[in-house]
**Q** 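Quick one: structure below, then a few questions.
Remember, it's 1-based here, ligands and their atoms both numbered in the order they're listed. Only heavy atoms go into these numbers, but all of them, side chains included; no hydrogens, no water, no symmetry mates.
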Amino acid sequence: MSNQLNGIAASNGVAIAKAYMLVDPDLSFDKKVIENEDHEVQRLHDSFATSKDELEVIKQHAVKSLGEEEAAVFEAHITILADPELISGIEKKINEEHVNAESALKEVTDSYIAMFEAMTDNTYMQERAGDVRDVTKRVLSHLLGVKLPSPALINTQSIVVAHDLTPSDTAQLDRQFVQGFITDIGGRTSHSAIMSRTLEIPAVVGTENATTTINDGDTVIVDGIHGKAIVNPSDEEIDQYQQMAAQFEREQAEWGELKDSSTKSADGKHFDIAANIGTPDDLAAVLDNGGEAVGLFRSEFLYMNSAELPTEDEQFEAYKKVIAGMGDKQVVIRTMDIGGDKHLPYLPLPEEMNPFLGYRAIRISLDRQEIFRTQLRALLRASNYGKLAIMFPMIATVNEFKQARAIYDEEKQKMVNAGQRVADNIQVGMMMEIPAAVMIADKLAKYADFFSIGTNDLIQYTFAADRGNEHVSYLYQPYNPSLLRLIKRVIDTAHQEGKWAGMCGEMAGDQVAVPLLMGMGLDEFSMSATSMLQTRSLMKKLDTTRLQKLVDQALDAESNEEVIELVKQLDIK
Ligand code: PEP
Ligand code: MG
């Protein structure tokens with residue numbers, strides 16, 4: 001009998017394959033007195049050797065998908081495995097205390113970890129504690145004969161099932177083998193979901209119990225269109241979903257024909273369709289899908305994919321690649337948005353009760369100005385290679401924007417004074433993602449060159465519902481008049497002040513929201529590259545003069561559902 005799991009549709013498409021459980025196994029064991037020491041020592045050596053082989057594979061993979069620097073951590077793990085002092089310490093324990101290899105290993109590595117952690121004046125050595133912990137886990141898994149899964153070890157067609165996926169897990173997934181993924185937690189705008197859309201992997205998130213319901217090797221269907229997963233499907237179900245996958249492919253081919261056309265409504269009004277990207281590698285998909293701009297480059301991924309703060313030169317190269325790659329099309333780069341659910345191992349943040357309401361984004365940049373100024377200088381240097389716009393995340397007050405802009409102006413002036421070239425057409429704008437900022441959009445528009453509405457956060461802050469918490473995902477209500485009124489306010493205010501308004505939250509590529517946003521006169525729609533052509537196709541079919549009435553009715557509705565019904569009644573050919 002098949003079993004159906006309901007979750008949140010995170011990335012379009014249908015996939016059918018065997019489940020690969022990316023779940024930490026149970027590594028508990030009993031301490032035992034043994035009689036055959038040689039046998040235990042041999043088991044230890046075998047486990048070290050297998051661990052080393054495995055780490056070589058993971059390292060090679062990480063070099064390819066994440067780069068040399070990020071892969072260095074696996075090299076460090078291999079070095080630990082080769083440490084003669086560590087091995088002889090464990091052997092000694094086995095021989096002298098007659099204990100099993102598992103407990104000898106754990107006791108010796110625990111003492112290493114305690115020693116490293118005590119070196120409070122040496123952060124480098126302190127961080128080695130984590131490496132020893134990871135290596136111990138791997139060797140232990142081989143001693144116990146249980147699988148320690150790693151995204152890099154997947155080499156057959158699979159559906160990855162995990163509690164959650166970190167950005168580095170996602171980066172290591174090989175698109176050739178990973179057909180889809182299912183997670184227990186997360187919402188449509190959690191970062192694992194956003195990454196799945198960038199990678200074009202069908203995904204269902206927030207199922208709550210995928211990891212406890214699905215077993216390794218089960219056949220699974222991921223229905224990323226409706227947010228469902230079918231475990232051990234019947235032949236009829238497989239048949240039905242294969243047809244759905246084929247239909248989806250046909251639609252994609254139809255959208256593909258619009259790649260080189262500009263985005264126009266049925267009555268000839270132009271809109272910009274832009275892409276959201278996380279790294280320069282995403283640029284190919286933007287161009288392949290006919291992007292007219294980059295509306296959001298989440299620069300924090302550059303920081304997250306690095307072992308330490310990226311230098312000005314490293315950042316400059318990355319920004320230049322994107323800006324030059326887009327030619328005369330605009331690239332909006334957002335300054336670092338760390339905090340919330342995005343962390344840097346090398347930049348410890350304070351423990352917070354509510355990280356999404358805490359030390360995040362521009363709040364960190366204004367506090368840790370040396371980091372901010374380095375980023376601004378890299379951006380200013382890269383501005384010479386195309387059409388750059390810069391935006392600040394999480395602006396809540398006029399004062400924050402003025403402070404950020406003043407720092408930008410100062411860095412720019414310093415460079416000009418030093419004879420460095422800087423483009424003279426850089427726009428400086430802000431994300432609109434905090435209700436307080438929306439309410440004073442008229443004041444902010446005096447200082448900002450543009451607004452980009454970040455609905456992922458604007459929705460969570462408006463409804464007071466954590467964007468990554470599946471228990472409150474019913475409050476992700478993009479069409480609720482409360483939110484639509486905020487959006488309308490931002491667009492109208494920007495236009496009154498002669499500024500443009502875009503949207504880079506996931507709502508911009510949402511097919512139900514698009515008619516509403518067109519009717520409100522949103523100028524730029526920035527979304528996952530994979531949603532761009534579908535949206536262009538929809539826009540072509542809509543007449544904006546007729547959407548005015550829809551907007552009026554929607555703003556006057558009572559609920560999210562009522563607005564969905566209104567949009568459904570549109571006659572879209
Ligand atoms: C948003 O909040 O809508 C947004 C685009 O930014 P992020 O998802 O990176 O927080
Ligand atoms: Mg945001």
Side-chain angles (χ1 to χ4, degrees), residues 8 10-11 166-167 170 186-198 205 273-279 282 293-305 331-344 354-365 389-396 400-401 404 429-438 450-469 473 475-478 483-484 486-487 490-491 501-510 513 517 522 524-529 531-532:
I8 296 157
S11 177
T166 64
T170 326
R188 193 175 152 77
T189 60
S190 60
H191 288 97
S192 54
I194 293 173
M195 297 275 273
S196 67
R197 285 192 284 283
T198 307
V205 301
I273 292 204
N276 293 349
I277 63 169
T279 78
D282 299 336
V294 167
L296 167 65
F297 177 175
R298 288 185 165 92
S299 70
E300 57 275 10
F301 283 98
L302 217 64
Y303 293 72
M304 290 161 75
N305 289 337
V331 175
V332 182
I333 302 185
R334 175 174 77 184
T335 59
M336 182 183 88
D337 184 359
I338 287 299
D341 63 348
K342 290 179 277 195
H343 294 277
L344 302 177
N354 294 301
F356 272 118
L357 301 180
Y359 192 57
R360 183 184 164 192
I362 199 69
R363 303 169 184 186
I364 300 181
S365 293
I390 297 174
M391 72 176 163
F392 305 129
M394 295 278 294
I395 294 286
E400 278 174 342
F401 188 87
M430 57 170 276
M431 299 274 302
M432 269 292 177
E433 49 189 347
I434 298 181
V438 174
F450 65 92
F451 296 144
S452 183
I453 307 170
T455 47
N456 307 341
D457 280 314
L458 187 58
I459 295 173
Q460 81 162 342
Y461 297 136
T462 302
F463 290 89
D466 183 335
R467 61 194 268 186
N469 182 339
S473 62
L475 285 167
Y476 180 76
Q477 298 193 3
L483 188 86
L484 296 179
L486 290 170
I487 293 172
V490 174
I491 300 170
M503 178 179 287
C504 58
E506 291 304 307
M507 184 175 174
D510 174 331
L517 300 171
L522 186 75
E524 178 232 39
F525 293 64
S526 193
M527 62 195 74
S528 305
S531 303
M532 293 194 299

**Q** Considering the heavy atoms of K342, write down every atom of ligand 1 situated less than 4.0 Å from one of them.
**A** 9 (O)
**Q** Ignoring hydrogens, what is the shortest heavy-atom contact between R334 and S299? Give both atom names and the distance.
**A** O-OG, 2.6 Å
**Q** Select one of side chain, backbone, both or neither to describe which atoms of T455 lie under 4.0 Å from any atom of ligand 1, heavy atoms only.
**A** backbone
**Q** Should one rank E300, E506, M503, R467 by closest heavy-atom distance to atom 8 (O) of ligand 1, which comes out on top?
**A** R467
**Q** Relative to the heavy atoms of C504, which atoms of ligand 1 are at a distance of less than 4.0 Å?
**A** 5 (C)
**Q** What heavy-atom pair brings F392 and T335 nearest, and what distance separates the two atoms?
**A** CD2-OG1, 3.7 Å
**Q** Measuring from Y461:OH to L486:CG, what's the distance to the nearest 0.5 Å?
**A** 14.5 Å
**Q** Check each heavy atom of R360 against ligand 1 and say whether those closer than 4.0 Å belong to the side chain, the backbone, both or neither.
**A** side chain
**Q** Do R298 side-chain atoms and N276 backbone N/O form a donor-acceptor pair below 3.5 Å?
**A** no
**Q** Among protein atoms, how many N/O/S atoms lie less than 2.8 Å from the Mg ion (ligand 2)?
**A** 2
**Q** Below 4.0 Å, non-hydrogen atoms only: which portion of R298 touches ligand 1? Side chain, backbone, both or neither.
**A** side chain
**Q** How close do M527 and I273 get, heavy atom to heavy atom, and via which atoms?
**A** CE-CG2, 4.2 Å
**Q** Just to confirm my output: which protein heavy-atom neighbour is closest to atom 6 (O) of ligand 1, and how far is it?
**A** R334 NH1, 2.9 Å
**Q** Less than 4.5 Å apart, side chain to side chain, heavy atoms only: is that true for S473 and I8?
**A** yes
**Q** For the atom pair CG (L458) and CE (M432), what is the distance rounded to the nearest 0.5 Å?
**A** 9.5 Å
**Q** Between ligand 1 and E433, is the shortest N or O to N or O distance under 3.5 Å?
**A** yes
**Q** Compare every heavy atom of A193 with every heavy atom of S196, then report the nearest pair and how far apart it is.
**A** OG-O, 2.6 Å
**Q** As a check for students: among D457, L458, L296, I194, identify the option with a heavy atom nearest to atom 2 (O) of ligand 1.
**A** D457
**Q** Could you tell me whether R360 and D457 make a salt bridge, using a distance below 4.0 angstrom between a side-chain N and a carboxylate O?
**A** yes
**Q** Mind listing the closest non-hydrogen atom pair of A274 and V294 along with its distance?
**A** CB-C, 4.1 Å
